[in-house]
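Encoded as structure tokens, the structure appears first; notes follow it.
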Amino acid sequence: YSERFCHRRLPEKPVGMESQHKHLLELLRRTAVHGESNSVLIVGPRGSGKTMLLNCVLRELLEVKDVNKNVLPVHLNGLLQTDDRIALKEITRQLNLENVVGDKVFGSFAENLAFLLEALKKGDRSSSRPVLFILDEFDLFAHHKNQTLLYNLLDVSQSAQAPIAVIGLTCRLDVLELLEKRVKSRFSHRQIHLLSSLSFIQYLDNVRSQLSLPQDFPDTKFYDEWNESIKTLCEDQPVVDVLQRHYNSSKDFRSLHLLLMLALSRVSASKPAIKPTDLLEASRVCMVDSKANILHGLSILELCLIIAMKHLNDIYEGEPFNFQMVHNEFKKFLQRKSHSIHNFDKPVVIKAFEHLQQLELIKSMDSSTAKIQKEYQLMKLMLDHSQIMEALQKYPQCPTDVKQWAMSAFG
Amino acid sequence: MVRYFTRLRVRRIYKWGGRSYADRKLKSYGFEYLNIGVEGQEAVTTVTPGQYILIEGNDDDNPFVAKLLKLFGDESHKQKKALVQWFLRLSEVPQNKKLLLGRSPHPQEIFYYLGRACDDEINVESILGTVHVQHVPEDTPFPEPGTKDTLYVKMSWDTKAFNVLDPVLMQDTPASTPPKPALPLFPPCASPAATPVSRGPVRRALPTPDPTVMRRAGSVSDTRATMSTGKMGTLEAESIHSASKLSASKILSTRRRGSAADTPGVRKKLQLSNGASPGKRMTREDVLCELLDEEVESEKVMSLKLSSSVSHSLQHGCSLSPMRSGRKTPNGQGGFPRKLTSISLDRLSPTALGEQDFSSDLLLAVTPLALEDEVFEAGLPTDSGSAMTPKKRQATPRRNYVRGQKATTPSRRKESAMTMREPALGVLAEEDSEDSPMQPIAMTPRSKRKSAQLVSSRIRKQLNLLDNNEELSSDGDDCFVPSKKDLQSSSDEESEEEQTESEEETVVRKARGRNCKTPSRTPCKTPSKKATPSTPRTPRNATPSIPSRTVPARQPGNILEEARARLHVSSVPESLPCREQEFQDIYNFVESKVMDGTGGCMYISGVPGTGKTATVHEVIRCLQHASDMDEIPMFRFIEINGMKMTDPHQAYVQILQKLTGQKATADHAAALLEKRFSNPAPKKETTVLLVDELDLLWTRKQNVMYNLFDWPTRHHARLVVLTIANTMDLPERIMINRVASRLGLTRMSFQPYSFKQLQQIITSRLNKVKAFEEDAMQLVSRKVAALSGDARRCLDICRRATEICEHSASHPSTAGLVRMSHVMEALDEMFSSSYITAIRCASLQEQLFLRAVIAEFRRLGLEEATFQQVFVQHQALCRVEGLQPISVSEGLAVCQRLGACRLLLLEASRLDVLQRVRLNVSQDDVLYALKADRD
């Protein structure tokens with residue numbers, strides 16, 4: 001029963017972006033009510049709440065009665081509408097213009113463009129419905145050929161045609177530099193930056209409010225208990241440390257939600273509260289190195305090869321190596337220090353080497369692989385020293401001589 | 001409506017005739033008449049001065065009309081010229097002047113042209129043939145639509161107004177009987193071996209065929225018609241939701257009923273033969289029953305008309321067949337006034353039939369004219385082949401249509417067009433053979449078949465009639481082509497209306513023909529068909545429009561809102577300040593070209609937002625005003641924008657569409673425009689073409705630009721091209737020599753606005769609305785002038801400033817003037833770089849990573865490092881800062897986040913730890929931001 005808050009799908013009032021919210025709402029309201037054409041860009045890093053802000057504004061806008069039936073929102077996404085042809089069809093479909101039949105848009109690209117432009121041209125400020133063009137991943141639209149779509153939309157927004165508002169969402173700060181000069185000139189240069197200047201205290205408050213149950217929760221007893229437990233949780237020192245660490249890493253709420261979701265998923269009927277350990281565990285899962293698991297799955301031989309590569313990296317300061325070098329290094333180790341490792345045949349070692357390559361722990365340097373023999377292809381290690389050492393620490397039943405070899409300064 | 005096959009590949013031969021008289025002064029020779037012959041045929045049309053002639057123009061369906069005054073040639077006898085008095089069709093009158101007429105024009109009305117702007121000397125090779133023009137006194141109504149080929153003159157047009165035509169001007173008209181041509185021209189396929197017998201008289205003397213045959217003809221065609229009613233019903237059902245179409249068809253049918261009432265005798269006859277079918281139709285208990293009944297009715301009427309037209313034509317002693325030849329050879333028109341009355345009647349029925357029945361025909365109707373010509377040419381050799389299997393075709397008449405529908409490649413379409421047309425020709429020949437044994441029809445394939453099948457005369461008759469039906473339908477589709485091409489050209493009021501309606505339907509049908517399968521032939525299936533959801537149609541006739549709003553837009557309430565509305569870039573200012581000089585230059589250029597009737601190019605350059613397009617529009621507005629005041633001749637203004645088309649070649653399509661309303665493919669449009677601009681077309685007004693964003697019309701061969709600049713240089717083009725682009729040296733930079741040379745040296749460059757000019761622009765826009773402090777305005781203009789001189793930017797900033805002003809005030813009504821602080825804020829918003837704020841707002845690890853990047857750069861002495869290297873630094877910094885070191889994955893995530901904001905430039909993430917990292921901001925900016933953060 002407590003699983004009911006999934007945290008997603010309920011964009012509440014935007015936090016920490018009141019002025020931007022007001023600005024955007026005012027702007028769109030003017031388009032909707034006065035028929036004033038506008039263009040605006042919402043810029044902010046990933047997960048900073050651009051779409052959330054826009055959705056809030058749209059929801060609020062559509063709550064106004066005489067606006068509701070009056071605006072035509074058109075949602076486009078740069079990842080979906082990868083070129084102007086598709087984008088145009090999508091616009092026409094969403095506007096439900098007269099050349100749309102069912103769900104299909106007929107006619108060639110040129111016809112569609114001419115049709116849409118004609119449609120927009122025929123409209124005027126006072127009589128036609130305002131159209132809100134929402135361009136998600138705005139920067140990708142700038143890569144379209146000639147930026148035809150952007151030029152035309154922005155041109156309409158700057159001329160006495162049907163009132164439109166062009167709202168671009170992007171995470172690129174340099175998005176204006178992508179626009180061609182005449183496209184840029186037609187853009188109104190309104191940018192709404194969403195840069196969270198959240199302090200850690202606010203961040204913590206936010207965590208608390210996110211986890212708390214809403215007022216109208218039916219079971220008041222549980223409501224009290226739960227909210228009390230959340231309060232104590234947020235004052236627990238390890239928990240605060242974990243959150244601090246997350247806050248230091250990134251301020252966006254998406255990653256926070258991920259962390260909290262992981263913790264929440266451990267809550268069940270038998271265990272009706274989040275314990276600090278849950279959060280720590282969740283944090284551990286979040287922070288885990290993606291390569292560590294791969295390293296744990298390697299065989300001793302493969303691990304030895306990686307250690308040999310690490311030594312080679314140390315000796316040659318990151319220069320690429322080939323199999324032969326690694327093999328020599330490995331053989332040296334076998335002759336001098338090894339007691340526990342068998343002397344593997346060369347083909348076996350080659351096989352292990354290839355396996356490492358397949359796991360992309362090592363990567364070939366030159367693309368034209370066909371000409372050079374496998375043994376002499378130059379490779380680079382894709383691992384950091386710390387990763388290797390950590391993996392060795394955790395590796396189950398790792399022979400001590402191998403560990404010592406890894407620790408030693410030079411092979 | 002008669003089409004003149006100007007593009008039929010017949011070469012006309014023009015020969016002087018009669019005595020020549022020399023005119024010493026002009027060094028020319030006059031001639032009494034001109035013979036126009038067609039190569040390979042002996043038929044010759046004679047044109048003498050005083051006659052009305054048709055002259056080849058841009059529109060094949062509406063050739064120019066003129067009265068021939070004089071025929072002469074120059075000394076060398078190379079050029080044959082003629083002096084003419086022009087007449088205008090209404091379609092040639094400028095659109096905005098059409099209203100001056102004050103009444104709805106008669107479709108066949110023409111106007112005596114009194115203007116001087118046109119060259120009245122033409123090349124005789126553009127003469128197509130003769131036409132009959134009749135002067136109608138001012139107060140008498142137009143005669144009933146009798147012949148298709150008579151044009152009526154009532155008024156004159158002197159480029160400004162319609163006046164009552166002085167009858168004296170028309171006096172020397174040979175009133176009603178233009179000299180008959182010696183022999184009408186026939187297309188090569190009709191009578192390749194025609195004996196040189198005067199055809200007209202023969203027609204008159206034709207024996208009337210057995211009326212019973214004709215009646216049976218009527219009945220057969222009627223059963224055929226009822227058969228197709230079922231199909232029709234389905235068609236109707238599919239479009240049941242389209243109310244407009246429904247009403248159109250209702251109007252159609254009622255009209256048909258009305259016209260049927262005119263010939264009651266025939267109708268009765270028809271009902272006799274049609275007795276069974278209405279009963280069958282009655283069994284339907286569908287919602288659409290009513291509609292269908294109407295269709296049945298109209299169908300009846302149609303077939304009735306069919307037979308009536310046949311009988312009609314019989315009364316006149318003419319067969320149906322000359323209709324085709326009459327259409328194809330313009331010279332024949334004058335010759336058969338009486339025959340043409342019958343044509344006008346049966347032209348109706350084909351129209352009706354065609355539109356009701358053969359969607360595939362309609363599909364064919366859109367095949368370009370040239371194709372038809374080819375079909376005619378090709379029709380002859382293949383004739384016999386396909387005619388040999390008439391039975392098969394008869395058995396599966398629908399299959400042909402299916403093929404027609406499926407045909408997408410021109411060749412396929414042509415093929416089906418051939419099969420459509422071939423029977424028509426066959427019938428033509430056959431009827432000839434039936435009617436007049438004198439006709440040399442022994443050569444035509446149909447008669448071969450006839451001789452082969454003489455045994456079963458009954459079948460033959462049926463075939464004949466089905467063919468007949470087909471012929472009519474294919475004629476119907478012939479009729480559509482002109483209506484598609486040009487609505488205004490029509491020869492008959494009724495058919496005009498029908499065609500306008502049918503044109504819309506054509507479009508619908510055509511689309512449907514492509515989308516859906518052939519509707520079932522059996523009528524009993526129709527109800528179920530009706531029940532199924534209709535197949536999607538492509539509304540080609542869709543009007544591009546944005547739905548209108550339910551609540552009207554609110555008007556600006558206070559001063560600031562008012563100011564904002566005025567400052568919006570879109571609001572059209574009363575005048576364009578600060579561009580007086582440029583305005584004058586462009587104005588003079590265009591005006592002189594329009595006055596002289598010559599052509600020219602002009603290149604206008606300037607950075608964005610300097611008012612290039614606005615100035616040109618202003619010039620055009622002024623010129624149009626001037627031409628309305630009759631200070632300069634009329635001209636047309638067309639605008640294309642390189643950015644508003646998907647492909648440079650679309651420029652042709654757009655120009656053509658704006659010029660004539662025609663739709664064509666890019667290649668075809670280019671050819672048509674080429675023809676239009678290079679031919680000495682009379683009565684042409686100057687065209688002013690504005691090409692915005694010229695640089696986007698660049699193609700590798702530069703042929704679009706070449707053509708655009710080449711056309712104005714043509715002698716007859718009367719084209720003024722104004723081109724706009726951003727860069728001053730565009731002609732030198734991207735144009736090859738021959739293009740640049742044609743562009744010429746008439747250049748103009750728009751300088752960026754200075755701050756004073758910008759200030760003036762704002763002031764003039766605000767126009768006494770007191771919303772800005774003087775200093776604030778100056779600050780904006782200075783700032784913008786220093787950066788770009790872009791007026792758009794300036795206006796946008798001002799607009800934003802008014803918003804800030806409004807928000808800052810506690811109450812909207814108390815908001816005062818826009819002050820410096822507001823403008824400063826707006827400027828900050830628009831111009832300040834967001835990088836520094838972004839860095840300040842970044843998370844701790846992100847900031848650390850940036851520092852690590854700088855540290856690594858310093859260490860390497862390069863502006864580039866791999867992630868691996870930076871990460872080592874990052875770990876070290878973490879330790880210094882007393883933070884827990886982060887894992888490589890986390891580090892990569894941080895790096896990617898910075899990359900997404902473009903604070904860092906990254907290589908593809910596929911490279912993982914080896915990807916190279918660069919800063920997108922200057923190191924100083926980063927350090928500044930981070931230091932300020934620390935404090």
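Chain letters run A, B, ... following the sequence lines, proteins first and then strands; every chain starts at 1.
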Proximity of residues 893-902 of chain B to chain A, residues having a non-hydrogen atom under 4.5 angstrom |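 Within residues 893-902 of chain B, the residues that come under 4.5 Å of chain A (heavy atoms only) are B:V894, B:R897, B:A900, B:C901, B:R902.
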
If I measure from the heavy atoms of chain A, does [X] come under 4.5 Å with its side chain, its backbone, both, or neither?
X: B:M645; result: backbone
X: B:Q875; result: side chain
X: B:L883; result: side chain

Rounded to the nearest 0.5 Å, how far apart are NZ of A:K251 and CD of B:Q845?
->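 The NZ atom of A:K251 sits 12.5 Å away from the CD atom of B:Q845.
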
Quick one: pull up CG in A:N112 and OG1 in B:T646 and give me the separation to the nearest 0.5 Å.
->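 The OG1 atom of B:T646 is 9.5 Å from CG of A:N112, to the nearest 0.5 Å.
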
I would like to know whether A:R182 and B:D695 meet salt bridge (charged side-chain N to carboxylate O under 4.0 Å, His left out); could you show each step before the answer?
-> CA-CA 12 Å; A:R182 46 199 150 192; B:D695 47 336; 2.7 Å; yes

Give a yes or no on whether a salt bridge exists between A:K184 and B:D790, defined as a side-chain N under 4.0 angstrom from a carboxylate O.
->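 Salt bridge: no.
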
Of B:R792, B:R800, B:R793, B:E829, which meets side-chain hydrogen bond (donor to acceptor under 3.5 Å, both in side chains) against A:H189?
->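 Only one option passes, and that is B:R793.
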
Of all residues at least two apart in sequence or in a different chain, which pass the side chain to side chain donor-acceptor pair (under 3.5 Å) check with B:D647?
->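 Once residues adjacent in sequence are excluded, B:D647 has no partner under the side chain to side chain donor-acceptor pair (under 3.5 Å) criterion.
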
Identify, with sequence neighbours excluded, every residue that meets side chain to side chain donor-acceptor pair (under 3.5 Å) alongside B:Q884.
->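 By the side chain to side chain donor-acceptor pair (under 3.5 Å) rule, B:Q884 matches A:R245.
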
Give a yes or no answer on whether the side chain of B:S843 reaches the backbone of A:S249 with a donor-acceptor pair at less than 3.5 Å.
->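 Yes: the side chain of B:S843 pairs with the backbone of A:S249.
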
Tell me the residues of residues 38-48 of chain A whose non-hydrogen atoms fall below 4.5 Å from those of chain B, in number order.
->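 Checking residues 38-48 of chain A against chain B gives A:N38, A:P45, A:R46.
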
